[in-house]
> 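Dropping the structure in here first, questions after.
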Amino acid sequence: MEQEKNSIFPMDDALEMILMFDNVGMISYANTAAKQKLEYEDDLSGRCICDVFPNVFEAAADNFSTELCNWQKPRKVAAYRKNKTCFPVEARLTENGLVPGTYICMAIDILEKEYLGKEIEQVRNEAQQAMKVKSEFVANVTHELRTPVNGVKGNVQALLEEVSDSKTRKSLQLIERCCDDMNRIINNILDFSKLEAGKFVLELHRFHFRNMLDYVRNNHINKLTEKGLGFFVTVSPQIPEYVVGDELRIVQILNNLLSNAQKFTAVGKISVEAVRTARINDKIELFFMVKDTGIGIDAADRDKLFQSFSQVDASISRKYGGTGLGLNICKQLVELMGGKIEVESERNRGSTFSFSIWVGIPDGEEELPDQPGLEMPLFTERIKDASKEIPLEEIRKYGTSENLKILNNNLSKLILCVEMENWEKAEMFMETIRQMTEGAPRDVSRVILRLKMAIQKENYDKITTEYAELSRILQA
Ligand code: ADP
(Lines give C-alpha, C1' and ligand atoms only; values in the text may rest on other atoms or scores of the structure.)
Protein backbone atom coordinates (compact mmCIF):
# COMPACT_ATOMS: atom_id res chain seq x y z
CA MET A 1 0.00 0.00 0.00
CA GLU A 2 2.85 2.31 0.95
CA GLN A 3 4.52 1.43 -2.35
CA GLU A 4 1.31 2.19 -4.26
CA LYS A 5 0.95 5.52 -2.50
CA ASN A 6 4.53 6.43 -3.38
CA SER A 7 4.03 5.50 -6.99
CA ILE A 8 0.98 7.71 -7.38
CA PHE A 9 2.26 10.48 -5.14
CA PRO A 10 3.80 12.62 -7.96
CA MET A 11 0.32 12.80 -9.51
CA ASP A 12 -0.80 14.83 -6.50
CA ASP A 13 1.03 17.86 -7.86
CA ALA A 14 -0.20 17.46 -11.43
CA LEU A 15 -2.12 20.43 -12.85
CA GLU A 16 -4.74 18.27 -14.50
CA MET A 17 -7.33 16.31 -12.50
CA ILE A 18 -6.48 12.62 -12.05
CA LEU A 19 -9.02 10.07 -10.85
CA MET A 20 -8.39 6.36 -10.41
CA PHE A 21 -11.34 3.96 -10.23
CA ASP A 22 -12.08 0.25 -10.45
CA ASN A 23 -14.29 -1.74 -12.79
CA VAL A 24 -17.43 -0.99 -10.80
CA GLY A 25 -16.72 2.73 -10.85
CA MET A 26 -15.46 3.12 -7.29
CA ILE A 27 -12.92 5.94 -7.03
CA SER A 28 -9.77 4.79 -5.22
CA TYR A 29 -7.61 7.88 -5.76
CA ALA A 30 -8.15 11.58 -6.63
CA ASN A 31 -5.27 14.04 -6.85
CA THR A 32 -5.28 17.53 -5.28
CA ALA A 33 -6.37 19.24 -8.51
CA ALA A 34 -9.39 16.90 -8.81
CA LYS A 35 -10.42 17.44 -5.20
CA GLN A 36 -10.11 21.20 -5.51
CA LYS A 37 -11.85 21.56 -8.87
CA LEU A 38 -14.66 19.18 -7.95
CA GLU A 39 -14.91 20.78 -4.47
CA TYR A 40 -14.85 17.46 -2.60
CA GLU A 41 -12.06 18.29 -0.13
CA ASP A 42 -11.03 14.85 1.19
CA ASP A 43 -14.12 12.69 0.63
CA LEU A 44 -13.82 11.86 -3.09
CA SER A 45 -12.29 8.38 -2.59
CA GLY A 46 -14.98 5.76 -2.24
CA ARG A 47 -17.46 7.67 -4.39
CA CYS A 48 -18.59 6.56 -7.82
CA ILE A 49 -17.05 7.95 -11.01
CA CYS A 50 -20.66 8.42 -12.23
CA ASP A 51 -21.01 11.26 -9.65
CA VAL A 52 -18.28 13.16 -11.50
CA PHE A 53 -19.14 12.19 -15.08
CA PRO A 54 -22.84 11.18 -14.94
CA ASN A 55 -23.41 11.80 -18.66
CA VAL A 56 -20.60 9.46 -19.64
CA PHE A 57 -20.61 6.60 -17.18
CA GLU A 58 -24.20 6.16 -16.09
CA ALA A 59 -25.10 4.11 -19.14
CA ALA A 60 -22.15 1.83 -18.63
CA ALA A 61 -22.26 1.80 -14.86
CA ASP A 62 -21.50 -1.92 -14.60
CA ASN A 63 -19.12 -2.28 -17.52
CA PHE A 64 -16.40 0.30 -17.60
CA SER A 65 -14.15 -1.69 -19.85
CA THR A 66 -16.69 -1.32 -22.71
CA GLU A 67 -16.67 2.41 -22.17
CA LEU A 68 -12.88 2.38 -22.14
CA CYS A 69 -12.79 0.70 -25.57
CA ASN A 70 -14.91 3.54 -26.99
CA TRP A 71 -12.76 6.19 -25.42
CA GLN A 72 -9.41 6.14 -27.16
CA LYS A 73 -9.07 9.85 -27.85
CA PRO A 74 -9.48 12.89 -25.52
CA ARG A 75 -13.13 13.88 -25.19
CA LYS A 76 -14.91 17.06 -24.28
CA VAL A 77 -17.27 16.20 -21.40
CA ALA A 78 -19.00 17.86 -18.44
CA ALA A 79 -17.46 17.29 -14.98
CA TYR A 80 -19.84 17.68 -12.03
CA ARG A 81 -18.86 19.28 -8.74
CA LYS A 82 -20.10 18.05 -5.38
CA ASN A 83 -22.83 20.74 -5.46
CA LYS A 84 -24.10 19.36 -8.83
CA THR A 85 -22.88 22.32 -10.89
CA CYS A 86 -20.70 21.41 -13.83
CA PHE A 87 -17.87 22.73 -16.04
CA PRO A 88 -16.36 21.53 -19.33
CA VAL A 89 -13.23 19.37 -19.32
CA GLU A 90 -11.14 17.60 -21.87
CA ALA A 91 -10.66 14.08 -20.51
CA ARG A 92 -8.69 10.94 -21.37
CA LEU A 93 -9.31 7.46 -20.03
CA THR A 94 -6.73 4.66 -19.86
CA GLU A 95 -6.35 1.33 -18.19
CA ASN A 96 -4.06 1.46 -15.19
CA GLY A 97 -1.14 -0.79 -16.11
CA LEU A 98 0.17 -0.84 -12.53
CA VAL A 99 -3.01 -2.06 -10.84
CA PRO A 100 -5.00 -4.47 -13.05
CA GLY A 101 -8.77 -3.93 -13.19
CA THR A 102 -8.49 -0.22 -12.47
CA TYR A 103 -8.70 2.84 -14.74
CA ILE A 104 -7.23 6.32 -14.74
CA CYS A 105 -9.12 9.37 -15.92
CA MET A 106 -7.14 12.57 -16.60
CA ALA A 107 -9.07 15.76 -17.22
CA ILE A 108 -8.22 19.40 -17.89
CA ASP A 109 -10.56 22.21 -16.99
CA ILE A 110 -11.31 23.99 -20.29
CA LEU A 111 -13.86 26.45 -18.94
CA GLU A 112 -11.53 29.42 -19.41
CA LYS A 113 -10.39 28.25 -22.85
CA GLU A 114 -13.99 27.78 -23.96
CA TYR A 115 -14.99 31.11 -22.51
CA LEU A 116 -12.06 32.88 -24.16
CA GLY A 117 -12.77 31.09 -27.42
CA LYS A 118 -16.36 32.35 -27.31
CA GLU A 119 -15.17 35.85 -26.47
CA ILE A 120 -12.69 35.79 -29.35
CA GLU A 121 -15.43 34.55 -31.63
CA GLN A 122 -17.71 37.34 -30.46
CA VAL A 123 -14.98 39.98 -30.92
CA ARG A 124 -14.25 38.57 -34.39
CA ASN A 125 -17.93 38.70 -35.32
CA GLU A 126 -18.22 42.25 -34.04
CA ALA A 127 -15.08 43.27 -35.96
CA GLN A 128 -16.42 41.64 -39.12
CA GLN A 129 -19.72 43.41 -38.66
CA ALA A 130 -17.93 46.74 -38.12
CA MET A 131 -15.78 46.12 -41.20
CA LYS A 132 -18.91 45.34 -43.22
CA VAL A 133 -20.61 48.53 -42.07
CA LYS A 134 -17.41 50.50 -42.78
CA SER A 135 -16.96 49.11 -46.26
CA GLU A 136 -20.63 49.67 -47.11
CA PHE A 137 -20.27 53.23 -45.87
CA VAL A 138 -17.07 53.78 -47.88
CA ALA A 139 -18.71 52.24 -50.96
CA ASN A 140 -21.73 54.54 -50.60
CA VAL A 141 -19.71 57.67 -49.91
CA THR A 142 -17.29 57.08 -52.77
CA HIS A 143 -20.19 56.36 -55.10
CA GLU A 144 -21.90 59.57 -53.99
CA LEU A 145 -18.65 61.47 -54.54
CA ARG A 146 -18.06 60.04 -57.98
CA THR A 147 -21.40 61.27 -59.30
CA PRO A 148 -20.80 65.02 -58.66
CA VAL A 149 -17.15 64.76 -59.76
CA ASN A 150 -18.23 63.27 -63.07
CA GLY A 151 -20.93 65.91 -63.30
CA VAL A 152 -18.33 68.67 -62.90
CA LYS A 153 -16.02 67.00 -65.41
CA GLY A 154 -18.77 66.58 -68.00
CA ASN A 155 -19.75 70.25 -67.76
CA VAL A 156 -16.14 71.40 -67.92
CA GLN A 157 -15.62 69.34 -71.07
CA ALA A 158 -18.73 70.88 -72.61
CA LEU A 159 -17.48 74.38 -71.73
CA LEU A 160 -14.06 73.60 -73.19
CA GLU A 161 -15.69 73.01 -76.54
CA GLU A 162 -17.29 76.45 -76.46
CA VAL A 163 -14.61 78.63 -74.87
CA SER A 164 -11.71 79.97 -76.90
CA ASP A 165 -10.20 82.50 -74.47
CA SER A 166 -6.85 80.94 -73.45
CA LYS A 167 -6.95 81.99 -69.79
CA THR A 168 -10.42 80.51 -69.26
CA ARG A 169 -9.42 77.35 -71.15
CA LYS A 170 -6.41 76.97 -68.85
CA SER A 171 -8.62 77.21 -65.76
CA LEU A 172 -11.08 74.72 -67.22
CA GLN A 173 -8.29 72.30 -68.10
CA LEU A 174 -7.03 72.58 -64.55
CA ILE A 175 -10.50 71.74 -63.20
CA GLU A 176 -10.66 68.76 -65.58
CA ARG A 177 -7.30 67.49 -64.30
CA CYS A 178 -8.45 67.93 -60.70
CA CYS A 179 -11.56 65.85 -61.49
CA ASP A 180 -9.34 63.08 -62.91
CA ASP A 181 -7.15 63.15 -59.80
CA MET A 182 -10.19 63.01 -57.59
CA ASN A 183 -11.61 60.06 -59.56
CA ARG A 184 -8.31 58.23 -59.17
CA ILE A 185 -8.35 58.74 -55.41
CA ILE A 186 -12.00 57.67 -55.16
CA ASN A 187 -11.26 54.50 -57.15
CA ASN A 188 -8.28 53.71 -54.93
CA ILE A 189 -10.34 54.10 -51.77
CA LEU A 190 -13.09 51.92 -53.21
CA ASP A 191 -10.65 49.18 -54.25
CA PHE A 192 -8.88 49.36 -50.92
CA SER A 193 -12.07 48.99 -48.89
CA LYS A 194 -13.27 46.09 -51.06
CA LEU A 195 -9.92 44.32 -50.72
CA GLU A 196 -9.84 44.88 -46.96
CA ALA A 197 -13.36 43.50 -46.60
CA GLY A 198 -12.39 40.43 -48.65
CA LYS A 199 -15.09 41.30 -51.17
CA PHE A 200 -12.84 41.83 -54.13
CA VAL A 201 -13.45 39.43 -56.99
CA LEU A 202 -11.09 39.07 -59.93
CA GLU A 203 -12.74 39.08 -63.33
CA LEU A 204 -10.96 36.57 -65.50
CA HIS A 205 -11.18 36.60 -69.26
CA ARG A 206 -9.05 35.90 -72.32
CA PHE A 207 -6.99 38.85 -73.52
CA HIS A 208 -4.17 39.71 -75.89
CA PHE A 209 -1.11 40.04 -73.67
CA ARG A 210 1.01 42.28 -75.90
CA ASN A 211 -1.93 44.57 -76.69
CA MET A 212 -2.42 44.98 -72.97
CA LEU A 213 1.23 46.02 -72.55
CA ASP A 214 0.92 48.34 -75.53
CA TYR A 215 -2.02 50.03 -73.85
CA VAL A 216 0.01 50.46 -70.64
CA ARG A 217 2.90 51.88 -72.66
CA ASN A 218 0.62 54.37 -74.39
CA ASN A 219 -0.68 55.55 -71.03
CA HIS A 220 2.80 56.70 -70.02
CA ILE A 221 4.61 57.48 -73.23
CA ASN A 222 3.74 61.20 -73.31
CA LYS A 223 4.73 62.06 -69.77
CA LEU A 224 7.95 60.07 -70.04
CA THR A 225 8.87 61.68 -73.34
CA GLU A 226 8.17 65.13 -71.94
CA LYS A 227 10.48 64.38 -69.03
CA GLY A 228 13.14 63.20 -71.44
CA LEU A 229 13.29 59.77 -69.86
CA GLY A 230 14.19 56.60 -71.76
CA PHE A 231 11.40 54.01 -71.86
CA PHE A 232 11.79 50.32 -72.69
CA VAL A 233 9.15 47.60 -72.77
CA THR A 234 10.35 44.04 -73.23
CA VAL A 235 8.29 40.85 -73.50
CA SER A 236 9.71 37.36 -73.49
CA PRO A 237 8.71 35.30 -76.53
CA GLN A 238 7.71 32.46 -74.21
CA ILE A 239 4.58 34.33 -73.17
CA PRO A 240 1.69 33.19 -75.37
CA GLU A 241 -0.28 35.67 -77.42
CA TYR A 242 -3.46 35.24 -75.36
CA VAL A 243 -3.72 34.54 -71.65
CA VAL A 244 -6.60 34.31 -69.18
CA GLY A 245 -6.54 36.72 -66.26
CA ASP A 246 -7.92 39.97 -64.90
CA GLU A 247 -6.56 42.31 -67.55
CA LEU A 248 -7.93 45.45 -65.93
CA ARG A 249 -6.21 44.72 -62.65
CA ILE A 250 -2.89 43.77 -64.27
CA VAL A 251 -3.04 47.10 -66.09
CA GLN A 252 -3.83 48.82 -62.78
CA ILE A 253 -0.73 47.32 -61.09
CA LEU A 254 1.55 48.24 -64.00
CA ASN A 255 0.06 51.73 -64.24
CA ASN A 256 0.62 52.32 -60.56
CA LEU A 257 4.23 51.14 -60.65
CA LEU A 258 4.94 53.15 -63.79
CA SER A 259 3.31 56.31 -62.43
CA ASN A 260 5.50 56.02 -59.34
CA ALA A 261 8.59 55.34 -61.44
CA GLN A 262 7.80 58.41 -63.54
CA LYS A 263 6.98 60.53 -60.50
CA PHE A 264 10.21 59.72 -58.68
CA THR A 265 12.62 59.75 -61.65
CA ALA A 266 14.08 62.96 -62.98
CA VAL A 267 16.88 61.62 -65.15
CA GLY A 268 17.71 58.31 -66.80
CA LYS A 269 15.28 55.66 -67.92
CA ILE A 270 12.37 53.44 -67.01
CA SER A 271 11.90 49.90 -68.19
CA VAL A 272 9.21 47.25 -68.01
CA GLU A 273 10.06 43.62 -68.56
CA ALA A 274 7.71 40.62 -68.65
CA VAL A 275 8.93 37.03 -68.66
CA ARG A 276 7.39 33.60 -68.14
CA THR A 277 8.93 31.85 -65.15
CA ALA A 278 6.96 28.63 -64.60
CA ARG A 279 4.19 26.43 -65.92
CA ILE A 280 1.86 24.03 -64.07
CA ASN A 281 -0.74 22.33 -66.26
CA ASP A 282 -2.68 25.11 -68.01
CA LYS A 283 -1.34 27.92 -65.82
CA ILE A 284 1.81 29.96 -66.28
CA GLU A 285 3.62 32.25 -63.92
CA LEU A 286 4.48 35.68 -65.28
CA PHE A 287 7.17 37.84 -63.76
CA PHE A 288 7.18 41.62 -64.29
CA MET A 289 9.89 44.11 -63.47
CA VAL A 290 9.49 47.89 -63.45
CA LYS A 291 12.87 49.55 -63.13
CA ASP A 292 13.68 53.21 -62.72
CA THR A 293 16.76 55.33 -62.16
CA GLY A 294 15.03 57.71 -59.75
CA ILE A 295 15.48 58.88 -56.18
CA GLY A 296 15.39 55.35 -54.74
CA ILE A 297 14.24 54.27 -51.29
CA ASP A 298 16.25 53.79 -48.10
CA ALA A 299 16.50 50.26 -46.72
CA ALA A 300 14.72 51.33 -43.53
CA ASP A 301 11.72 52.63 -45.51
CA ARG A 302 11.32 49.64 -47.82
CA ASP A 303 9.30 47.56 -45.32
CA LYS A 304 6.75 50.34 -44.90
CA LEU A 305 6.12 50.65 -48.62
CA PHE A 306 3.38 48.06 -49.02
CA GLN A 307 1.46 49.11 -45.94
CA SER A 308 -1.69 51.14 -46.47
CA PHE A 309 -1.50 54.94 -46.26
CA SER A 310 2.28 54.73 -46.08
CA GLN A 311 4.60 57.12 -47.81
CA VAL A 312 8.32 57.20 -47.23
CA ASP A 313 8.11 60.54 -45.45
CA ALA A 314 5.78 63.48 -45.14
CA SER A 315 7.89 65.65 -47.44
CA ILE A 316 7.31 63.10 -50.23
CA SER A 317 3.54 63.49 -50.03
CA ARG A 318 3.89 67.28 -49.96
CA LYS A 319 6.17 67.30 -52.98
CA TYR A 320 4.78 64.47 -55.10
CA GLY A 321 1.24 64.05 -53.80
CA GLY A 322 -0.49 60.67 -53.52
CA THR A 323 -2.43 58.83 -50.87
CA GLY A 324 -0.01 56.02 -50.04
CA LEU A 325 -2.65 53.44 -51.02
CA GLY A 326 -1.33 52.47 -54.46
CA LEU A 327 1.33 49.94 -53.47
CA ASN A 328 -0.87 48.35 -50.84
CA ILE A 329 -3.58 47.81 -53.45
CA CYS A 330 -0.94 46.40 -55.84
CA LYS A 331 0.25 43.99 -53.15
CA GLN A 332 -3.27 42.76 -52.41
CA LEU A 333 -4.10 42.38 -56.11
CA VAL A 334 -0.85 40.51 -56.80
CA GLU A 335 -1.56 38.17 -53.88
CA LEU A 336 -5.09 37.55 -55.18
CA MET A 337 -3.44 36.49 -58.45
CA GLY A 338 -1.29 34.00 -56.54
CA GLY A 339 1.92 36.02 -56.63
CA LYS A 340 4.24 38.24 -54.68
CA ILE A 341 5.49 41.81 -55.04
CA GLU A 342 8.95 42.97 -53.99
CA VAL A 343 11.21 45.98 -54.23
CA GLU A 344 14.93 46.40 -54.52
CA SER A 345 16.23 49.90 -54.16
CA GLU A 346 18.97 52.15 -52.90
CA ARG A 347 18.76 55.84 -52.16
CA ASN A 348 19.67 57.83 -55.32
CA ARG A 349 20.30 54.63 -57.27
CA GLY A 350 16.81 53.90 -58.55
CA SER A 351 14.26 51.23 -57.69
CA THR A 352 13.13 47.93 -59.16
CA PHE A 353 9.62 46.79 -58.32
CA SER A 354 8.97 43.20 -59.36
CA PHE A 355 5.91 41.00 -59.08
CA SER A 356 4.74 37.59 -60.15
CA ILE A 357 1.20 36.46 -61.02
CA TRP A 358 -0.40 33.28 -62.34
CA VAL A 359 -2.51 33.41 -65.48
CA GLY A 360 -4.23 30.72 -67.52
CA ILE A 361 -3.48 29.57 -71.04
CA PRO A 362 -6.70 29.51 -73.07
CA ASP A 363 -7.77 26.28 -74.77
CA GLY A 364 -6.00 25.85 -78.06
CA GLU A 365 -3.47 28.58 -77.28
CA GLU A 366 -0.04 27.09 -77.61
CA GLU A 367 2.75 28.40 -75.52
CA LEU A 368 5.95 28.91 -77.43
CA PRO A 369 8.56 26.28 -76.60
CA ASP A 370 11.37 27.11 -74.21
CA GLN A 371 14.30 28.59 -76.06
CA PRO A 372 16.84 29.31 -73.38
CA GLY A 373 19.39 30.90 -75.70
CA LEU A 374 16.78 32.97 -77.44
CA GLU A 375 15.36 35.10 -74.68
CA MET A 376 15.02 37.95 -77.15
CA PRO A 377 12.54 40.74 -76.60
CA LEU A 378 9.57 40.42 -78.91
CA PHE A 379 9.40 44.14 -79.09
CA THR A 380 11.68 46.62 -77.49
CA GLU A 381 10.56 50.18 -77.48
CA ARG A 382 13.21 52.78 -77.33
CA ILE A 383 10.95 55.76 -77.12
CA LYS A 384 13.37 58.40 -76.18
CA ASP A 385 16.57 57.57 -74.52
CA ALA A 386 18.07 60.78 -73.26
CA SER A 387 20.68 58.78 -71.44
CA LYS A 388 21.62 56.53 -74.42
CA GLU A 389 24.47 54.38 -73.20
CA ILE A 390 25.75 57.03 -70.80
CA PRO A 391 26.17 55.81 -67.25
CA LEU A 392 23.75 57.39 -64.81
CA GLU A 393 26.62 58.65 -62.65
CA GLU A 394 27.74 60.84 -65.56
CA ILE A 395 24.30 62.40 -65.85
CA ARG A 396 23.88 62.97 -62.17
CA LYS A 397 27.37 64.26 -61.50
CA TYR A 398 27.26 68.03 -61.73
CA GLY A 399 30.09 69.41 -63.85
CA THR A 400 30.47 66.47 -66.28
CA SER A 401 29.91 67.14 -69.97
CA GLU A 402 26.90 64.77 -70.08
CA ASN A 403 25.35 66.44 -67.07
CA LEU A 404 25.80 69.85 -68.75
CA LYS A 405 24.29 68.63 -72.02
CA ILE A 406 21.19 67.21 -70.40
CA LEU A 407 20.90 70.20 -68.04
CA ASN A 408 20.85 72.56 -71.00
CA ASN A 409 18.32 70.36 -72.72
CA ASN A 410 16.02 70.54 -69.69
CA LEU A 411 16.56 74.28 -69.33
CA SER A 412 15.44 74.95 -72.90
CA LYS A 413 12.35 72.78 -72.34
CA LEU A 414 11.69 74.67 -69.14
CA ILE A 415 11.76 78.06 -70.81
CA LEU A 416 9.52 76.76 -73.59
CA CYS A 417 6.95 75.68 -71.01
CA VAL A 418 7.19 79.09 -69.34
CA GLU A 419 6.58 80.78 -72.71
CA MET A 420 3.53 78.61 -73.16
CA GLU A 421 2.43 79.24 -69.58
CA ASN A 422 2.42 75.54 -68.87
CA TRP A 423 3.40 75.92 -65.23
CA GLU A 424 2.90 72.31 -64.25
CA LYS A 425 5.40 71.07 -66.81
CA ALA A 426 7.75 73.96 -66.04
CA GLU A 427 7.81 72.79 -62.41
CA MET A 428 8.51 69.26 -63.57
CA PHE A 429 11.59 70.38 -65.56
CA MET A 430 12.64 72.60 -62.67
CA GLU A 431 12.62 69.56 -60.37
CA THR A 432 14.81 67.64 -62.84
CA ILE A 433 17.20 70.57 -63.03
CA ARG A 434 17.32 70.81 -59.25
CA GLN A 435 18.15 67.12 -58.93
CA MET A 436 20.82 67.34 -61.60
CA THR A 437 22.52 70.23 -59.87
CA GLU A 438 22.80 68.57 -56.49
CA GLY A 439 26.31 69.17 -55.20
CA ALA A 440 26.82 72.20 -57.49
CA PRO A 441 28.73 75.28 -56.20
CA ARG A 442 26.83 77.82 -54.13
CA ASP A 443 26.34 80.39 -56.91
CA VAL A 444 24.57 77.73 -59.01
CA SER A 445 22.37 76.40 -56.23
CA ARG A 446 21.32 79.95 -55.32
CA VAL A 447 20.18 80.74 -58.86
CA ILE A 448 18.40 77.40 -59.00
CA LEU A 449 16.52 78.25 -55.82
CA ARG A 450 15.57 81.71 -57.10
CA LEU A 451 14.47 80.26 -60.43
CA LYS A 452 12.37 77.65 -58.66
CA MET A 453 10.64 80.28 -56.53
CA ALA A 454 9.99 82.46 -59.57
CA ILE A 455 8.37 79.50 -61.34
CA GLN A 456 6.23 78.72 -58.34
CA LYS A 457 5.08 82.36 -58.31
CA GLU A 458 4.63 82.28 -62.10
CA ASN A 459 6.69 85.47 -62.25
CA TYR A 460 7.70 85.66 -65.91
CA ASP A 461 10.18 88.57 -65.60
CA LYS A 462 12.03 87.07 -62.69
CA ILE A 463 12.16 83.70 -64.46
CA THR A 464 13.81 85.18 -67.55
CA THR A 465 16.38 87.03 -65.41
CA GLU A 466 17.28 83.92 -63.40
CA TYR A 467 17.24 81.74 -66.49
CA ALA A 468 19.71 84.07 -68.24
CA GLU A 469 21.92 84.08 -65.16
CA LEU A 470 21.89 80.28 -64.91
CA SER A 471 22.63 79.83 -68.61
CA ARG A 472 25.53 82.26 -68.26
CA ILE A 473 27.03 80.36 -65.30
CA LEU A 474 26.58 77.00 -67.05
CA GLN A 475 28.22 78.14 -70.29
CA ALA A 476 31.11 79.81 -68.44
P1 ADP B 1 1.26 57.13 -53.58
O2 ADP B 1 -0.10 57.17 -54.18
O3 ADP B 1 1.42 58.05 -52.42
O4 ADP B 1 2.37 57.25 -54.57
P5 ADP B 1 2.14 54.41 -53.29
O6 ADP B 1 1.65 53.36 -52.36
O7 ADP B 1 2.06 54.12 -54.75
O8 ADP B 1 1.32 55.71 -52.91
O9 ADP B 1 3.63 54.75 -52.92
C10 ADP B 1 3.97 54.94 -51.55
C11 ADP B 1 5.31 55.60 -51.41
O12 ADP B 1 6.35 54.72 -51.85
C13 ADP B 1 5.51 56.84 -52.24
O14 ADP B 1 4.94 57.97 -51.66
C15 ADP B 1 7.03 56.93 -52.27
O16 ADP B 1 7.50 57.44 -51.05
C17 ADP B 1 7.45 55.46 -52.34
N18 ADP B 1 7.72 55.01 -53.73
C19 ADP B 1 6.90 54.26 -54.50
N20 ADP B 1 7.47 54.00 -55.70
C21 ADP B 1 8.67 54.61 -55.70
C22 ADP B 1 9.73 54.71 -56.66
N23 ADP B 1 9.67 54.13 -57.86
N24 ADP B 1 10.83 55.42 -56.29
C25 ADP B 1 10.90 56.02 -55.08
N26 ADP B 1 9.94 55.95 -54.13
C27 ADP B 1 8.83 55.26 -54.42
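Atoms within each ligand, like the ligands themselves, are counted from 1 in listed order. Numbering of residues begins at 1 and proceeds along the displayed sequence.
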> For ligand 1, which is the ligand I care about here, please tell me if Leu327 has any N or O atom under 3.5 Å from one of the ligand's N or O atoms.
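Indeed, backbone or side chain, Leu327 has an N or O that close.
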> Inspect the contact between Glu424 and Arg177 and indicate whether a charged nitrogen and a carboxylate oxygen are less than 4.0 angstrom apart.
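Salt bridge: yes.
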> Taking NZ, NE, NH1 and NH2 as the nitrogens, is one of them in Glu241 or Arg210 under 4.0 Å from a carboxylate oxygen of the other?
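Answer for the salt bridge query: no.
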> Does a salt bridge link Glu121 with Lys118, judged by any charged N lying under 4.0 Å from a carboxylate O?
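Salt bridge absent between Glu121 and Lys118.
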> Quick test of your reading of the model: are Arg184 and Asp181 salt-bridged, counting only N-O distances below 4.0 Å?
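Salt bridge present between Arg184 and Asp181.
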> Side chain, backbone, both or neither: which applies to Leu257 and ligand 1 if a contact is any heavy-atom pair less than 4.0 Å apart?
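For Leu257, there is no contact with ligand 1 at all, from either part.
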> Decide whether the shortest distance between a heavy atom of Gly294 and an atom of ligand 1 is less than 4.0 Å.
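Outside the 4.0 Å threshold, so no.
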> Tell me which part of Asn188 gets within contact of ligand 1: side chain, backbone, both or neither, using heavy atoms under 4.0 Å.
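Near ligand 1, Asn188 shows nothing, with every heavy atom at 4.0 Å or more.
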> Would you say ligand 1 has an N or O under 3.5 Å from any N or O of Lys263?
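Between Lys263 and ligand 1, an N or O pair is found under 3.5 Å apart.
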> Considering the heavy atoms of Phe353, write down every atom of ligand 1 situated less than 4.0 Å from one of them.
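Every atom of ligand 1 under 4.0 Å from some heavy atom of Phe353: 20 (N), 21 (C), 22 (C), 23 (N).
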> So, Arg92 and Glu16, do they make that salt bridge, N to O below 4.0 Å?
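Judged by the 4.0 Å cut-off on N to carboxylate O distance, Arg92 and Glu16 do form a salt bridge.
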> List every atom of ligand 1 that sits less than 4.0 Å from any heavy atom of Asn256, numbering the atoms from 1 in the order shown and giving each element.
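In order of number, 7 (O).
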> Salt bridge or not between Arg276 and Glu285? Use side-chain N to carboxylate O under 4.0 Å.
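A salt bridge is absent here (no side-chain N lies under 4.0 Å from a carboxylate O).
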> I'd like to check Lys462 versus Lys457 (side-chain heavy atoms, cut-off strictly below 4.5 Å). Are they in contact?
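No, their side chains stay 4.5 Å or more apart.
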> Consider ligand 1: state whether an atom of it lies below 4.0 angstrom from any non-hydrogen atom of Phe306.
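Checking ligand 1 against Phe306, which is what was asked, there is no heavy-atom contact under 4.0 Å.
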> Which of the numbered atoms in ligand 1 are below 4.0 angstrom from a heavy atom of Leu305?
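Near Leu305, the atoms of ligand 1 are 12 (O), 17 (C).
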